[in-house]
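Read through the structure below, which is laid out as structure tokens, and then see the notes.
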There are 2 protein chains.
Amino acid sequence: MTPASGVHAHHHHAETPGAGRRWKRHAQQTVRDAGLRAGGGRAAVIEVLSGEECVLTAQEVLDRVTRKGGPGGNLATVYRALDTLHALRLVTRLDAGDGTARYERAMPGGEHHHHVLFPGGEIRPFHDDDLEAAIHALAERLGVELTGHDIVLHAARPTTD
Amino acid sequence: MTPASGVHAHHHHAETPGAGRRWKRHAQQTVRDAGLRAGGGRAAVIEVLSGEECVLTAQEVLDRVTRKGGPGGNLATVYRALDTLHALRLVTRLDAGDGTARYERAMPGGEHHHHVLFPGGEIRPFHDDDLEAAIHALAERLGVELTGHDIVLHAARPTTD
DNA sequence: TTGTCTGCAAATTCTTTGCAACGTT
DNA sequence: AACGTTGCAAAGAATTTGCAGACAA
């Protein structure tokens, strides 16, 4: 049962201004360095992602690409672009548990955030240094070399806001 | 809750003996209490899950059910059973990021574990009280009423062990 | 030119559903 | 008898892939 429940991301989170532009440049550079070419489809996906702080599904990326006109107006192209960007660690994939992957830009330097899922599909990003510290301490305790970590909280609703 | 005791996590697989049997009884009881009947398919799924401490895909559950002979030898039945058990909060769903859902029994009382993913697909469960404490502190800081949380670590490989 | 990118359609994979027969209560 | 349960086949949804033509370097 997946009646296309909408998932809305909240911008609760003041993000560094220019982060999108910075990521866009970084992404273009990285793609070029990988020996790949500057086609319109992938460029459009990069453009869209640079303008979004939090997760989008492939379909949502396509919608936004389409809205802007131009090339990239194809789901296969979007998926291919997302795959490439993910392989280059330029985007992060989030599984919200509804069988649809969501993607968001990954800032260079490991700067990242996690997600709180609310009933109804709302997704809210958050970042917390104490949590990051706890994760790293944990990894050491477990004796594993961490390459990444995903944390998804499920909440009934904000107790305050 | 979850006093940050100095309990050392890092159990590879040290689970309380009898946990499987306990869960099985609990599951059967809960299903009965929900007004559902005791068919062979769901019973087989419960049987399989009770014998596994960590995640299985629907297909893996089916394989094990089939191996034991008897009813339940059908993927649709397995999915339906897993759905029901999940709705009753008797199983947990894990998205390892490969587009296939994995399920494991959920012990009553909130007792649970998280997962470390290694390259190659190996999944190792762990539990850590300090981490749990950190999560609860975090939720309070965020001002949300937590109903659950998923933590997935990605590791290159054990640094020691 | 050479090798990459795109779009379109077809194919895959995972999961859900319709329906008739069957089992439990 | 009433109603949940199961199996099989078909349907769906998300994601991937084969190909031929368009493009970038």
Side-chain angles (χ1 to χ4, degrees), chain A residues 1-7 27-48 55-63 65-66 68-88 91 93-103 121, chain B residues 27-28 30-48 55-63 65-66 68-88 91 93-103 121:
Chain A
M1 292 166 223
T2 313
S5 58
V7 176
Q28 292 171 330
Q29 184 62 248
T30 305
V31 166
R32 202 177 315 132
D33 290 352
L36 303 177
R37 296 177 183 180
R42 190 160 47 217
V45 171
I46 290 179
E47 174 63 35
V48 164
V55 290
L56 292 179
T57 64
Q59 182 61 58
E60 290 170 338
V61 171
L62 176 61
D63 292 345
V65 166
T66 303
K68 300 192 178 189
N74 181 282
L75 207 43
T77 297
V78 169
Y79 273 114
R80 278 192 278 235
L82 290 172
D83 272 5
T84 300
L85 297 176
H86 186 256
L88 294 173
V91 311
R93 219 193 294 251
L94 169 71
D95 251 307
D98 65 346
T100 313
R102 279 155 227 277
Y103 304 81
Chain B
Q28 292 172 328
T30 304
V31 166
R32 201 177 314 133
D33 290 352
L36 303 177
R37 297 177 183 181
R42 188 162 47 218
V45 171
I46 290 179
E47 175 63 34
V48 165
V55 291
L56 292 179
T57 64
Q59 182 61 57
E60 290 169 338
V61 171
L62 176 61
D63 293 344
V65 166
T66 302
K68 301 193 177 188
N74 181 283
L75 207 42
T77 297
V78 170
Y79 273 114
R80 280 193 275 235
L82 290 172
D83 272 5
T84 300
L85 297 176
H86 186 256
L88 294 173
V91 310
R93 221 191 292 251
L94 169 71
D95 250 307
D98 65 345
T100 313
R102 277 155 228 276
Y103 305 81

For B/Ala81, which contact category applies under a 4.0 Å heavy-atom criterion: base, sugar-phosphate, or nothing?
-> nothing
Just checking A/Gly35: base, sugar-phosphate only, or nothing, at a heavy-atom cut-off of under 4.0 Å?
-> nothing
For A/Asp95 and A/Thr100, work out which heavy atoms get closest and say how close.
-> OD1-O, 4.4 Å
Residue-phosphate contact under 4.0 Å: B/Asn74 side-chain N/O, D/dT6 OP1/OP2 = no
Could you give the CZ-to-P distance, from B/Arg102 to C/dT15, as a whole number of Å?
-> 9 Å
B/Leu75 CG to C/dC14 P: how many Å, rounded?
-> 10 Å
Given atom CG of A/Asp83 and atom C1' of D/dT17, what is their separation to the nearest angstrom?
-> 12 Å
Please tell me if the side chains of B/Gln59 and B/Leu75 come closer than 4.5 Å, counting only heavy atoms from C-beta onward.
-> yes
When the distance from CD of B/Glu60 to C1' of C/dC14 is rounded to whole Å, what number comes out?
-> 14 Å
Would you kindly compare B/Thr57 and A/Gly41 by the position of their nearest DNA chain C nucleotide and give the one closer to the 5′ end?
-> A/Gly41
Report yes if a donor N or O on one partner sits less than 3.5 Å from an acceptor N or O on the other, where the partners are the side chain of A/Arg80 and the base of C/dG7; otherwise report no.
-> yes
A/Leu82 CG to D/dA14 P, in whole Å, measures 15 Å
Do A/Val78 and A/Asn74 have side chains that get closer than 4.5 Å, going by heavy atoms?
-> no
CZ of A/Arg37 versus C1' of D/dA24: gap in Å, rounded?
-> 5 Å
Hey, which of these two, B/Ala76 or A/Ala38, hits DNA chain C nearer its 5' end, going by closest nucleotide?
-> A/Ala38
Scan A/Arg42 against the nucleic acid and name what it touches under 4.0 Å (heavy atoms): base, sugar-phosphate only, or nothing.
-> sugar-phosphate
To the nearest angstrom, the OH-C1' distance between A/Tyr79 and C/dG7 comes to 16 Å
Kindly give the heavy-atom pair with the smallest separation between B/Gly73 and B/Leu62, and that separation in Å.
-> C-CD1, 3.6 Å
Write down the distance between CD (A/Gln59) and P (D/dT15), rounded to a whole number of angstrom.
-> 10 Å
Any sub-3.5 Å donor-acceptor pair from B/Glu47's side-chain atoms to B/Ala44's backbone N or O?
-> no
